[in-house]
Amino acid sequence: MRVAPAFLILNLLLLAAPAMAGDVVLVIHGGAGAPPRAQLSRQKEAAVRTELEKALKAGYAVLSKGGSAVEAVSASVVIMEDSPLFNAGRGAVLNANGQAELDAAIMEGATRRAGAVAGLHRVKNPVLLARAVMDKSRHVMLIGDGAEVFGRSVGIRMVDPAYFITEERKQELAEAQAKENQKQAAVPVRMYLGTVGAVALDRSGRLAAATSTGGLTNKRYGRVGDSPIIGAGTYADDHCGVSATGWGEFFIRAVAAHDVCARMRYRRDSVGKAAGDVLDGIAKRGGDGGMIALDDRGNVAMPFNTDGMYRGIVTGDGLVQIAIYRDSAPPKARK
């Protein structure tokens with residue numbers, strides 16, 4: 001597997017200037033699972049960019065009206081969960097049993113409140129159930145049937161499990177299982193990347209992060225990755241918010257999202273150095289992926305060590321920027 005030091009691939013084209021007091025910033029990712037440039041059709045790229053822009057605008061609409069960072073990341077992630085283009089919600093990959101098995105988490109930095117869910121089969125928008133766990137229960141994480149029973153009790157929308165089964169994901173599962181039967185250990189990167197996430201800074205200077213995923217193609221029934229684990233794939237505190245995407249087992253072992261924030265708090269590292277160094281450590285152990293990180297001054301880091309990572313940012317003036325590859329030039333502002 002090819003990996004590169006994260007500090008070499010931090011995309012400087014998408015670094016926000018430090019925010020002034022009262023400024024807002026929203027950063028999103030659609031996963032570090034972008035295929036090599038030659039394999040991404042113009043139609044697919046245009047479709048992905050459209051969905052990322054919709055997600056950014058949904059979150060910005062909340063922030064620009066004085067809404068909270070929690071509300072903004074929820075709004076952005078819902079848009080991506082509803083799209084079949086990402087490995088979350090409607091577009092989730094399938095486990096070894098041919099089912100979509102969904103995980104999500106959300107965290108509010110100032111209060112350290114958090115909600116997480118895992119092993120879902122019927123919840124249309126897992127991020128909304130994660131938020132309900134945070135807001136309407138005394139727990140942090142609920143899983144499987146128990147999480148869905150709770151979701152019904154608080155009005156979370158359920159769908160038939162068939163809603164999540166797309167032809168593209170069925171084909172990917174068949175390919176992965178064929179490789180497994182041929183005893184090929186490695187699974188193509190696109191089989192396990194594509195998680196979505198968002199991190200926001202609101203007018204009150206509060207941070208929040210959210211992540212949602214279908215996990216790994218052909219994963220064992222019951223497998224849980226880093227996305228719903230607070231501190232691994234999702235974390236926010238007073239000074240930092242992080243959402244990760246990649247090979248979850250490596251991010252769990254690294255306690256990656258919390259490590260970024262800890263390096264900033266205790267070593268006074270910048271958000272760029274902290275995120276880059278944490279991803280470098282994951283790469284050295286054989287893992288790949290990426291993350292988005294945001295500090296309380298509006299500084300942004302988006303390191304990744306895959307071919308590309310779907311990502312975007314919108315700042316207080318409404319400027320939207322979207323990129324996929326390391327040399328991607330952001331488009332003109334759309335307000």
Side-chain angles (χ1 to χ4, degrees), residues 1-4 29-41 44 81 83-104 117-123 126 143-145 160-197 211-229 232-233 244-254 256 279 282-290 304-310:
M1 176 179 61
R2 178 190 59 80
V3 293
H29 69 79
R37 187 188 298 273
Q39 297 178 20
L40 183 63
S41 69
K44 178 69 174 291
E81 287 178 335
S83 170
L85 297 176
F86 306 108
N87 178 15
R90 177 76 173 99
V93 300
L94 305 179
N95 67 15
N97 294 345
Q99 302 168 297
E101 204 166 3
L102 312 172
D103 309 329
V117 289
L120 308 177
H121 298 285
R122 298 172 181 82
V123 177
I143 66 170
D145 291 343
D160 188 288
Y163 167 83
F164 303 107
I165 310 298
T166 67
E167 287 303 315
E168 181 178 0
R169 298 311 191 192
K170 287 168 65 176
Q171 180 179 350
E172 289 177 354
L173 176 61
E175 292 174 8
Q177 291 182 334
K179 288 183 178 293
E180 183 178 65
N181 292 337
Q182 295 166 8
K183 301 185 186 254
Q184 295 183 26
V187 176
V189 169
R190 67 186 179 89
M191 297 296 189
Y192 61 82
L193 301 178
T195 294
V196 307
T211 313
S212 182
T213 189
L216 167 68
T217 297
N218 200 32
K219 65 185 179 181
R220 290 185 65 91
Y221 175 66
R223 179 265 189 186
V224 177
D226 64 308
S227 297
I229 297 177
T245 168
W247 197 334
E249 280 72 10
F250 289 89
F251 285 78
I252 293 170
R253 294 172 188 136
L279 191 58
I282 289 171
K284 288 174 183 176
R285 289 167 177 80
D288 52 8
F304 58 97
N305 59 18
T306 55
D307 286 296
M309 181 169 76
Y310 302 124

message: Distance check, rounded to the nearest 0.5 Å: L216 atom CG versus L94 atom CG?
response: 11.5 Å
message: Please determine whether the number of non-hydrogen atoms from other residues, nucleotides or ligands lying under 6.0 Å from atom CG of D145 exceeds 12.
response: no
message: Main chain of A32, side chain of T245: is a donor-acceptor contact present, judged purely on distance under 3.5 Å?
response: yes
field: By salt bridge (charged side-chain N to carboxylate O under 4.0 Å, His left out) - contacts of R90 (at least two apart)
entry: none
query: To the nearest 0.5 Å, how far apart are CD1 in I252 and CH2 in W247?
result: 12.5 Å
message: Please find the pair of heavy atoms, one from V93 and one from N87, that lie closest to each other, and give the distance.
response: N-OD1, 3.0 Å
- request: Mind listing the closest non-hydrogen atom pair of L120 and G144 along with its distance?
  value: CD2-O, 4.2 Å
- request: Drop me the distance from L102's CG to F164's CZ, to the nearest 0.5 angstrom.
  value: 5.0 Å
query: Is H29 close to T195 at the side-chain level, that is, under 4.5 Å between some pair of heavy atoms?
result: yes
- prompt: How far does CD of E101 sit from NZ of K219, to the nearest 0.5 angstrom?
  reply: 5.0 Å
task: Would you give the length of the straight line joining atom OG1 of T217 to atom CD of Q171, rounded to the nearest 0.5 angstrom?
output: 11.5 Å
- prompt: Any donor-acceptor pair under 3.5 Å linking the side chain of N97 with the backbone of Q99?
  reply: no
statement: In this structure, CD of E81 is separated from OG1 of T213 (nearest 0.5 Å) by 10.0 Å
- prompt: Can you tell me if CD1 on I143 sees more than 12 non-hydrogen neighbours from other groups inside 6.0 Å?
  reply: no
query: Taking all atoms of both residues into account, what is the closest heavy-atom pair of H121 and A100, and its distance?
result: ND1-O, 2.9 Å
task: Please name all residues satisfying salt bridge (charged side-chain N to carboxylate O under 4.0 Å, His left out) with K170, sequence neighbours left out, ordered by chain then number.
output: E167
Over all atoms of both residues, closest heavy-atom pair of N218 and A176: CB-CB, 4.0 Å
query: K44 versus L85: any side-chain heavy-atom pair under 4.5 Å?
result: yes
field: Taking every non-hydrogen atom, the tightest pair across S212 and P126
entry: OG-CB, 4.2 Å
For residues 221-229, which side-chain donor-acceptor pairs fall under 3.5 Å, sequence neighbours excluded?
unit_1 : atom_1 : unit_2 : atom_2 : d
R223   : NE     : E249   : OE2    : 3.0
R223   : NH2    : E249   : OE1    : 2.8
R223   : NH2    : E249   : OE2    : 3.3

- request: Mark yes or no for whether D103, through its side chain, and G119, through its backbone, hold a donor-acceptor pair below 3.5 Å.
  value: yes
- line: What one should report as the nearest heavy-atom pair of I282 and A256 is CD1-CB, 3.9 Å
